[in-house]
Amino acid sequence: MDPTQCPPVEPPPGQGALTGPWRLLEAQGPAGVTVCPIEPGTCWCHRVPHRARDLPVSPCAPRSVTSIPRPIGTHGHRTAAGRTMLILTCPAQLQRLEGALRRSLPLTLPVYGAVMNINRGNPAGLEVVVDAWPEFGAVLARRRGEVPVDDCYRNTSAVFYRDVGAYRALLETPGCLRWDSAFHIIGLQDGVTAVSEAIAGAKGIELDISHYYTYRHPNPSTMPEPRLDPGVRVGSLTPAHVDLLNKTWPYGGNARSRQYLEELLRLFPNLCLRDGAGQPLSWALTDPFGAGTHGYTLPAHRRSGYMWTVLVLAARRAQARGFPTFGFTATGNRPMQRLQEELGHQRLPELCCYILHNPSLKQA
């Protein structure tokens with residue numbers, strides 16, 4: 001078939017209509033199914049311009065030259081300095097990336113959780129940026145689209161690198177991050193902090209660096225059976241509880257944190273213990289990177305074992321969804337550390353770095 005004359009191809013149900021000059025590139029397999037020749041077993045994932053000169057030799061081979069369209073399954077560019085940034089959009093490539101990150105656990109935990117969410121509906125609208133494909137040296141999961149410059153909660157990226165030099169080059173690529181905004185970078189490798197410090201020094205911007213212990217449970221099915229007092233029931237929080245969460249979260253108390261917490265309630269799993277009147281007693285949320293967050297018990301109900309039950313139930317639910325059970329705990333929060341260790345969580349030797357760039361731009 002002449003690709004310059006190919007008729008429109010109807011996408012499978014649920015894939016959405018193809019408009020304008022974009023069509024699916026067909027590579028007919030033995031059964032006449034549209035398949036990807038580079039990512040076996042994948043169908044209907046490539047859209048290409050309707051011009052013969054734009055068709056790459058391999059429909060999945062990444063390219064990043066600005067004078068021609070982006071790689072099939074990626075978007076990206078190469079700067080004059082030779083830095084490359086690719087945005088993975090092909091489902092097959094994202095599945096392949098998930099497998100690669102799984103093999104590098106636990107250092108990849110927050111990026112792995114983000115990619116898992118992307119591959120399961122992408123509720124938070126994240127995207128993945130790499131320096132090269134498929135042999136990437138650095139990967140960054142970030143929020144897609146524009147985020148207000150003072151919103152460091154939603155403007156958070158998780159990173160992992162195989163080559164710290166590739167990681168720095170990726171961050172310095174124009175368009176990778178907005179260095180004139182307040183944003184967080186989180187990662188479990190020492191080079192994450194060193195690279196931010198080096199770039200911030202060159203750009204003359206401030207940093208606020210915090211470190212947390214990373215706790216991960218190897219197998220939640222082995223956790224003790226949860227203990228539930230009579231009159232206490234298991235439920236979920238709703239957006240109606242956002243003001244309570246914003247008031248009790250150590251990092252909250254402002255309009256941006258309220259917006260972020262409301263988003264977590266709408267888009268990600270949470271678990272809450274309620275009293276007989278339906279009022280929240282103890283809870284835990286999940287963030288866009290798959291980590292447990294904002295675990296809290298109201299002061300009047302502490303020392304009742306409620307957080308113990310919340311952590312067990314939340315871990316089992318995460319396992320049932322196929323997600324790892326992990327979270328970041330403040331280094332000074334000894335009660336939560338002891339509780340997690342009692343339940344069989346393992347503390348990783350690597351500290352998790354939370355790096356806030358341009359803290360003065362953060363909404364107070």
Side-chain angles (χ1 to χ4, degrees), residues 113 117 120 123-124 153 212-254 257-347:
N117 275 319
R120 290 154 182 80
Y153 299 95
Y212 296 84
Y213 291 134
T214 303
Y215 279 91
R216 178 194 185 196
H217 202 288
N219 184 6
S221 66
T222 65
M223 298 176 80
E225 287 300 315
R227 304 174 297 216
L228 207 58
D229 293 339
V232 175
R233 59 188 179 87
V234 180
S236 298
L237 296 164
T238 71
H241 297 111
V242 67
D243 289 325
L244 173 63
L245 295 181
N246 200 27
K247 181 174 65 174
T248 55
W249 195 33
Y251 314 102
N254 59 70
S257 61
R258 185 183 190 279
Q259 181 184 21
Y260 172 72
L261 291 167
E262 191 273 335
E263 181 180 88
L264 296 189
L265 291 176
R266 282 190 297 106
L267 301 178
F268 297 100
N270 70 77
L271 191 140
C272 175
L273 298 185
R274 300 190 182 209
D275 63 16
Q279 295 302 308
L281 302 172
S282 182
W283 60 80
L285 311 184
T286 308
D287 72 12
F289 306 102
T293 188
H294 197 354
Y296 190 86
T297 300
L298 293 175
H301 300 283
R302 291 176 183 170
R303 300 186 181 277
S304 300
Y306 291 151
M307 184 53 63
W308 193 98
T309 300
V310 166
L311 291 180
V312 171
L313 294 176
R316 291 185 174 182
R317 291 185 179 187
Q319 183 182 43
R321 298 193 309 273
F323 280 74
T325 296
F326 74 102
F328 308 116
T329 302
T331 56
N333 190 348
R334 282 299 301 154
M336 182 61 81
Q337 294 167 29
R338 286 194 297 266
L339 176 58
Q340 292 179 97
E341 290 162 6
E342 177 186 339
L343 290 173
H345 292 76
Q346 297 172 353
R347 193 173 86 188

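Across Arg274 and Leu237, no two heavy atoms sit closer than the pair NH2-CA, 4.2 Å. Heavy-atom minimum distance, Asn246 versus Asn254: ND2-O, 3.2 Å. Minimum interatomic distance between Pro280 and Cys272 (heavy atoms only, all atoms of both residues): CB-SG, 3.7 Å. What you find for Pro224 and Val312 is that their closest heavy atoms are O-CG1, 3.4 Å. Scanning all heavy atoms of the two residues, the minimum distance from Asn117 to Gly290 falls at ND2-N, 4.0 Å. For Ala330 against Gln337, the heavy-atom pair with the smallest separation is O-NE2, 2.9 Å.
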**Study point:** Asp229/Leu273 under side chain to side chain contact (heavy atoms under 4.5 Å, CB included): CA gap, chis, key distance, verdict
**Key:** CA-CA 10 Å; Asp229 293 339; Leu273 298 185; over 6 Å; no
Review point. Would His345 and Tyr213 satisfy side chain to side chain contact (heavy atoms under 4.5 Å, CB included), going step by step from the backbone distance to the final call?
Key: CA-CA 11 Å; His345 292 76; Tyr213 291 134; over 6 Å; no
Point to revise | Residue pair Thr309, Val234: steps toward the side chain to side chain contact (heavy atoms under 4.5 Å, CB included) verdict | key: CA-CA 10 Å; Thr309 300; Val234 180; 5.6 Å; no
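One finds the OG1 atom of Thr293 at 6.5 Å from the CG atom of Leu285 (value rounded to the nearest 0.5 Å). Atom OG1 of residue Thr325 and atom CZ of residue Arg317 lie 12.5 Å apart, to the nearest 0.5 angstrom. Rounded to the nearest 0.5 angstrom, Leu311 CG and Tyr306 OH are separated by 15.0 Å. From Met307, atom CE reaches atom CE of Met336 across 4.5 Å, with rounding to the nearest 0.5 Å. Rounding to the nearest 0.5 Å gives a distance of 9.0 Å between CD of Gln279 and NE2 of His301. If you take CD on Glu225 and CG on Leu313, they are separated by 9.0 Å, rounding to the nearest 0.5 Å.
You'll find the side chain of Pro226 stays beyond 4.5 Å of the side chain of Val310, heavy atoms only.
For the residue pair Asn333/Tyr212, the side-chain donor-acceptor check at 3.5 Å is not satisfied.
With hydrogens and angles ignored, the 3.5 Å screen pairs a side-chain donor or acceptor of Arg316 with a backbone N or O of Met223. Looking only at distances, a side-chain donor or acceptor of His294 sits under 3.5 Å from a matching main-chain atom of Leu245. With hydrogens and angles disregarded, a donor-acceptor distance shorter than 3.5 Å links the side chain of Tyr153 to the backbone of Tyr251. Remark: the backbone N or O of Pro269 is paired with a side-chain donor or acceptor of Thr286 at under 3.5 angstrom. The backbone N or O of Ala240 lies less than 3.5 Å from a partner atom in the side chain of Thr238, making a donor-acceptor pair. Although no hydrogens or angles enter the test, the distance criterion places no donor-acceptor pair under 3.5 Å between the side chain of Glu263 and the main chain of Phe268.
With a 6.0 Å radius and a threshold of 12 heavy atoms from other residues, nucleotides or ligands, Arg303 has its CZ atom at or below the threshold.
Using a 4.0 Å cut-off between charged side-chain N and carboxylate O, Arg266 and Glu262 make a salt bridge.
Among Thr297, Leu271, Asn270, Leu298, the single residue meeting the side-chain contact (heavy atoms from CB on, under 4.5 Å) criterion with Trp283 is Leu298.
Applying the side chain to side chain donor-acceptor pair (under 3.5 Å) test to pairs two or more places apart or on separate chains, those with a residue in residues 214-224 are Tyr215-Glu341, Asn219-Ser221, Asn219-Gln319.
Cation-pi contact between Arg302 and Tyr296: present, with separation from the ring centre below 6.0 Å and deviation from the ring axis of at most 45°.
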